[in-house]
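As the structure is a prediction and not an experimental result, all values here were calculated from the model. Throughout, a chain's letter reflects where its sequence line sits, starting with A, and its residues are numbered from 1.
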2 protein chains.
Amino acid sequence: MASNTLKQDTNMASDTSDLVIEKQVCFSLYSAANAIIRAYRPMLNALDLTYPQYLVMIVLWSHDGINVKSLGTKLHLDSGTLTPLLKRLENKQLLVRRRGLEDERVREIFLTAQGAQLKSLAEAVPNEMLCKSKLPIEELLSLKESCDKMCDNLQE
Amino acid sequence: MASNTLKQDTNMASDTSDLVIEKQVCFSLYSAANAIIRAYRPMLNALDLTYPQYLVMIVLWSHDGINVKSLGTKLHLDSGTLTPLLKRLENKQLLVRRRGLEDERVREIFLTAQGAQLKSLAEAVPNEMLCKSKLPIEELLSLKESCDKMCDNLQE
DNA sequence: ATAAAATAAATTGCGCACAATCTAATTGGC
DNA sequence: GCCAATTAGATTGTGCGCAATTTATTTTAT
């Protein structure tokens, strides 16, 4: 029991093993992503949106009429995530889901007037988030670049 | 309809608005975190662990006997996430959950022999992940630092 | 000694993320 | 023209992540 306590308290593993939580880059990224979604919550509650719903709305505000496949490509999400999410946004009257005219398999997503209007309320969100992060813009840009590279490199 | 098509195709908004998906640092971080968990999956399937379960095991491998509160502080997760996760790991015989002797409210988590043994199989995982990321170590370290800062700054 | 406040964990409920599977429509080859 | 292969999306089931609430225990103040 004494040796066990010693090993824990002095944390011998941290010098020799890579299997320590404090060394894990991926854990830092995972925790930061969770923290970001948590930080967005109060702002997005005011818009009655979750963070993934907010992302979908952002895409729609510049690509009204996009289909589920293209939306999924842009957001790196599949239909298993998007279909129920889009149904919830449809229930909130922010969009409508229409079948494609020339291809019946395709679902095209169109903003309602209400959904389009929500954009003006959302305009303030990105800047408020940048303030909360308290990081200089150059650091945020290099962080973004590394994340984008990571994402690309882990593709299949 | 012609003007609508023009607006979409030339993406006018991208120059004037911050509300474009390609500009969102947070979206990059969110996508990278999802991509990481996806990339870990095949490796961790071999250990019959999910990524959050793997994180818990990493902490236990250097802090056997830790309680739920301390575990939550380390992983930035609460009992609503940890309690059912720990029960699943207990069902897999990787750990046991005991009540604290001096304080009955506390749950202390102890590795089983099987749980302790799993560490040797997990030793190869971090390096394999670094390879998959294809990023130079310096970039990974600066990425980790920025994520840790982001996480700290968004605290409460 | 006891009631109030604080603390640790568990529970409930919702919304992702994603693997796996299924359905329906379209395309390509012959 | 017809059938196999492909494609788009929907469905099902599991495991988080977390807000909100609840239960049980401990601490504090009186």
Side-chain angles (χ1 to χ4, degrees), chain A residues 27 29-42 44-45 48-57 66-73 75-92 97-109 151 154-156, chain B residues 27 29-42 44-45 48-57 66-73 75-92 97-109 151 154-156:
Chain A
F27 168 64
L29 230 149
Y30 157 88
S31 292
N34 284 344
I36 282 171
I37 292 176
R38 232 176 288 140
Y40 266 111
R41 207 178 306 267
L44 294 182
N45 277 346
D48 189 30
L49 292 176
T50 65
Y51 184 65
Q53 289 169 9
Y54 168 71
L55 294 178
V56 166
M57 293 305 291
I66 195 172
N67 61 51
V68 173
K69 176 78 184 193
S70 307
L71 187 58
T73 302
L75 297 180
H76 313 297
L77 296 171
D78 70 0
S79 70
T81 301
L82 288 175
T83 296
L85 188 157
L86 290 168
K87 284 181 180 176
R88 274 173 225 121
L89 290 177
E90 189 170 41
N91 284 339
K92 294 184 201 180
R97 308 179 316 128
R98 292 202 211 114
R99 284 291 179 191
L101 295 177
E102 82 291 6
D103 188 338
E104 288 268 315
R105 292 171 303 180
V106 173
R107 254 316 173 181
E108 293 168 347
I109 313 297
C151 215
L154 293 179
Q155 217 75 341
E156 87 265 356
Chain B
F27 168 64
L29 231 148
Y30 156 87
S31 292
N34 285 343
I36 281 170
I37 292 177
R38 231 176 289 141
Y40 266 111
R41 205 177 308 266
L44 295 182
N45 277 346
D48 188 31
L49 292 176
T50 65
Y51 183 64
Q53 287 168 10
Y54 167 70
L55 293 179
V56 166
M57 293 305 292
I66 195 172
N67 62 48
V68 173
K69 175 79 183 186
S70 307
L71 187 57
T73 302
L75 297 180
H76 313 298
L77 295 171
D78 69 1
S79 70
T81 300
L82 288 174
T83 297
L85 189 156
L86 291 167
K87 284 183 179 175
R88 275 173 224 120
L89 290 176
E90 189 170 42
N91 284 339
K92 293 184 201 181
R97 307 178 318 128
R98 290 200 212 117
R99 286 289 179 193
L101 295 176
E102 83 289 6
D103 187 339
E104 288 267 317
R105 292 170 301 179
V106 173
R107 247 332 163 173
E108 292 167 348
I109 313 298
C151 216
L154 294 180
Q155 217 75 340
E156 89 267 353

- Tell me whether the OP1 or OP2 atom of C/dA8 has a side-chain N or O from B/Arg107 closer than 4.0 Å. no
- B/Leu49 and B/Leu89: side chain to side chain contact (heavy atoms under 4.5 Å, CB included), yes or no, with the steps? CA-CA 9 Å; B/Leu49 292 176; B/Leu89 290 176; 3.8 Å; yes
- Once you round it to whole Å, what is the distance between C1' of C/dC16 and OH of A/Tyr54? 18 Å
- B/Arg41 side-chain proximity, nearest of D/dG9, C/dC18, D/dA10: C/dC18
- Message: For D/dT11 and A/Lys87 - does any side-chain N or O of the residue sit under 4.0 Å from the phosphate oxygens OP1/OP2?
- Response: yes
- Query: From B/Leu55 CG over to B/Leu77 CG, what is the distance, rounded to the nearest 0.5 angstrom?
  - Reply: 8.0 Å
- Whole-Å distance, B/Leu101 CG to D/dT26 P, equals 11 Å
- Task: Evaluate the side-chain proximity of B/Asn67 to B/Arg107: yes if any heavy-atom separation is below 4.5 Å, no if none is.
- Result: no
- Item | Interatomic distance, B/Glu108 CD vs C/dA8 P [rounded to whole Å] | 13 Å
- Message: What I want to check is whether an N or O donor and acceptor connect the side chain of A/Arg105 with the base of D/dT7 at under 3.5 Å.
- Response: yes
- Item | Side chain of A/Ile37 (C-beta onward), nearest among C/dA17, C/dA9, C/dC16 | C/dA17
- Query: Please give, in whole Å, the distance from C/dC18 P to A/Leu154 CG?
  - Reply: 12 Å
- Item | Side-chain N or O of B/Tyr30 closer than 4.0 Å to phosphate OP1/OP2 of C/dC16 | no
- Query: Does a nitrogen or oxygen in the side chain of A/Gln53 sit under 4.0 Å from OP1 or OP2 of C/dC16?
  - Reply: yes
- Query: Parallel under 30°, tilted from 30 to 60°, perpendicular over 60°: which one fits the rings of B/Tyr30 and A/Tyr51?
  - Reply: perpendicular
- Proximity to the side chain of A/Thr83 - top-ranked nucleotide from C/dA25, D/dT11, D/dC16: D/dT11
- Whole angstrom is fine here: how far is it from CG in A/Asn91 over to P in C/dC14? 14 Å
- Query: Between A/Glu102 and B/Val68, which is nearer to the 5' end of DNA chain C once each is assigned its nearest nucleotide?
  - Reply: B/Val68
- Mind checking B/Thr81 for me? I need base, sugar-phosphate or nothing, with any heavy atom below 4.0 Å counting as a touch. base
- B/Asp78 vs A/Asp103, nearer the 5' end of DNA chain D by closest nucleotide: A/Asp103
- Think B/Arg88 has a side-chain N or O under 4.0 angstrom from the OP1 or OP2 of D/dC16? yes
- What nucleotide among C/dT26, C/dC18, D/dA8 has an atom nearest to a side-chain atom of A/Leu77? C/dC18
- Task: Please report, rounded to the nearest Å, how far the C1' atom of C/dA10 is from the CG atom of B/Leu86.
- Result: 12 Å
- Task: Could you please name the option among C/dA19, C/dA10, D/dC16 that lies closest to any side-chain atom of B/Arg38?
- Result: C/dA19
- Query: Ignoring hydrogens and geometry, is there a side-chain-to-backbone donor-acceptor pair from A/Asn34 to A/Ile37 under 3.5 Å?
  - Reply: no
- Item | Side-chain N,O (A/Ser79) to OP1/OP2 (D/dA10) below 4.0 Å | no
- Message: Taking 4.0 Å as the cut-off, does a side-chain nitrogen or oxygen of A/Arg99 come that near to OP1 or OP2 on D/dG9?
- Response: no
- Would you kindly give the OH-to-P distance between B/Tyr40 and C/dC18, to the nearest whole Å? 16 Å
- Take B/Thr50 and B/Leu44 through the test side chain to side chain contact (heavy atoms under 4.5 Å, CB included) and record every step on the way to the result. CA-CA 6 Å; B/Thr50 65; B/Leu44 295 182; over 6 Å; no
- Message: Counting the atoms with a prime plus P, OP1 and OP2 as sugar-phosphate, which does B/Leu82 contact under 4.0 Å by heavy atoms, base, sugar-phosphate, or nothing?
- Response: nothing
- Message: Of the options D/dG15, D/dA19, D/dA10, whose atoms approach the side-chain atoms of B/Thr50 most closely?
- Response: D/dG15
